[in-house]
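Below, chains carry the letters A, B, ... as their sequence lines are ordered, and counting in each starts from 1.
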There are 2 protein chains.
Amino acid sequence: MSLRHGLLDLLAGEPMSGYDLSRYFAVSMGNVWPAQHSQIYPELARLTAEGLITQTGEGPRGRKIYQTTPQGIEALRAWMRDSKPDYQVRYEALLRIFCLWVLPTDEALAYLARDRKEYARHLEEMEQAIAEKDWGAHTTTRAARLTIEFGRRFYTNLVEWIDWATEQVAAGTLQPGGPLPSVTGG
Amino acid sequence: MSLRHGLLDLLAGEPMSGYDLSRYFAVSMGNVWPAQHSQIYPELARLTAEGLITQTGEGPRGRKIYQTTPQGIEALRAWMRDSKPDYQVRYEALLRIFCLWVLPTDEALAYLARDRKEYARHLEEMEQAIAEKDWGAHTTTRAARLTIEFGRRFYTNLVEWIDWATEQVAAGTLQPGGPLPSVTGG
DNA sequence: TTTTAACAGGTTGATCTTGACATGTCGCGA
DNA sequence: TCGCGACATGTCAAGATCAACCTGTTAAAA
């Protein structure tokens with residue numbers, strides 16, 4: 001039930017199409033709640049049927065512009081007030097670190113190097129997003145800025161952590177009888 | 001396809017029951033890949049049928065002890081080598097921050113305070129886990145220590161970030177015409 | 001002018017995940 | 001000895017999610 005609230009939030013800030021939304025779910029909002037267009041289009045139909053959004057215009061190529069209705073904003077508010085947040089994180093890339101011991105040290109180091117590259121890329125994206133956009137225009141974007149800031153710190157943190165993990169692995173953590181990971185070096 | 005690899009990893013380190021596993025998925029491994037027992041039991045049956053784990057013993061109350069087979073470890077290794085990591089993060093609690101603008105400032109501050117409490121609790125859990133367990137016993141636990149360390153940094157980061165966000169909201173970020181979130185204070 | 005890539009909207013089937021239901025065991029305290 | 005709570009294993013239906021498929025449009029490069 002989170003996808004619909006993400007859509008209600010985005011369409012409250014700025015009217016846009018399903019195609020635009022899917023791009024938001026590929027970047028900014030997708031950083032905390034990923035979704036494919038195959039999930040978005042049916043949800044837009046449902047939200048329209050429930051009166052939480054309306055189609056306010058159309059463009060070339062059958063493009064449909066949607067906007068959150070006052071009832072939609074009220075539904076979003078009710079969700080924020082009346083339901084408990086789900087604090088569970090799902091992150092496959094980190095689950096894999098649990099399994100790093102199956103690889104020999106050299107492969108594990110290559111693995112971590114690939115991860116690091118990915119995290120550095122995300123960090124750059126975040127910093128670019130912060131620099132490029134006007135975050136003061138609307139209350140919705142000012143709230144989004146809070147989440148983006150978390151993203152920036154999150155990826156900064158990941159890069160630092162993976163450098164630490166790399167040191168650990170290089171020191172032989174993944175070998176039987178290697179050094180204890182509890183000894184935090186560096 | 002990640003649940004099975006989490007199970008293979010845990011059962012490679014220490015033979016245990018579905019019940020034990022579900023507790024691992026409620027805490028340590030659940031921090032990056034949550035799973036309910038209703039998902040775990042059928043998966044154990046499938047893994048057994050495929051020869052990736054075996055039942056090596058039983059205990060009171062019909063308790064079944066499983067262990068990863070050499071083929072299971074090989075499957076885990078193949079997964080780590082041959083498939084690309086999914087770097088997508090799913091985190092509902094942060095999606096909600098996007099929607100914080102629907103609440104008046106006082107409610108938003110209360111909302112953040114509740115989140116902070118939750119994150120501080122998680123951080124304590126992490127620190128306790130690091131202190132309590134013997135992380136040098138096996139390569140599997142030494143790899144797990146790497147992820148736990150990320151968890152510690154992650155929740156430390158969240159607490160710091162939410163303090164920053166609280167300042168922003170207190171300064172009027174969620175009100176139209178409020179201060180720009182791009183001005184990083186404190 | 002042709003072809004390519006991005007735009008745009010959609011469906012479908014398979015798989016994953018959740019929450020609720022269901023059953024029974026064992027140890028401990030009242 | 002009675003009842004409770006933790007232990008322990010499962011199933012099932014509903015809903016969420018994803019990958020793949022499908023159709024058609026527009027702009028710009030070749």
- A:Phe25 CZ to D:dA16 P, in whole Å, measures 14 Å
- Item | Nucleotide of D:dT26, C:dC26, C:dG9 approaching A:Pro60 most closely (side-chain heavy atoms) | D:dT26
- How do B:Tyr19 and A:Ser2 order along DNA chain D: which one's closest nucleotide is nearer the 5' end? B:Tyr19
- Ranking C:dG10, C:dT18, C:dA6 by distance to the side chain of B:Gln36, first place goes to C:dT18
- Query: Heavy atoms, side chains only, cut-off 4.5 Å: are B:Leu52 and B:Leu76 in contact?
  - Reply: no
- Item | Side chains of B:Thr173 and A:Arg142, donor plus acceptor under 3.5 Å | no
- Message: Looking at every non-hydrogen atom in both residues, tell me the closest pair between B:Pro85 and A:Arg114 and how far apart they are.
- Response: CD-NH2, 3.4 Å
- Message: Using whole Å, what does the distance between atom P of nucleotide C:dT17 and atom CZ of B:Arg46 come to?
- Response: 10 Å
- Whole Å only: how far is the NZ atom of B:Lys64 from the P atom of C:dT25? 15 Å
- May I have the distance from A:Arg63 (atom CZ) to C:dA8 (atom C1'), rounded to whole angstrom? 8 Å
- Item | A:Arg153 to B:Trp164, cation-pi by 6.0 Å centre distance and 45° axis angle | yes
- Item | Base D:dA19 paired with A:Ser38 side chain (donor-acceptor, <3.5 Å) | yes
- Message: When you compare the side chains of A:Asp20 and A:Ser17, does any donor N or O come within less than 3.5 Å of an acceptor on the partner?
- Response: yes
- Earlier contact from the 5' end, DNA chain D, for B:Leu44 and A:Gln39: B:Leu44
- Item | For atom CZ of A:Arg61 and atom P of C:dA6, their distance in whole Å | 12 Å
- Identify whether any heavy atom of A:Ser22 sits under 4.0 Å from a base atom; if not, whether one sits that close to sugar-phosphate; answer base, sugar-phosphate or nothing. nothing
- Query: Separation of A:Met1 atom CE from C:dG19 atom P, in whole Å?
  - Reply: 13 Å
- Item | Rounded distance in Å - CD (B:Glu58) to C1' (D:dC7) | 16 Å
- Message: How many whole angstroms separate atom CE of B:Met16 from atom C1' of D:dT9?
- Response: 17 Å
- Query: Using a cut-off of 4.0 Å on non-hydrogen atoms, how would the nucleic acid contact of A:Arg90 be classed: base, sugar-phosphate, or nothing?
  - Reply: sugar-phosphate
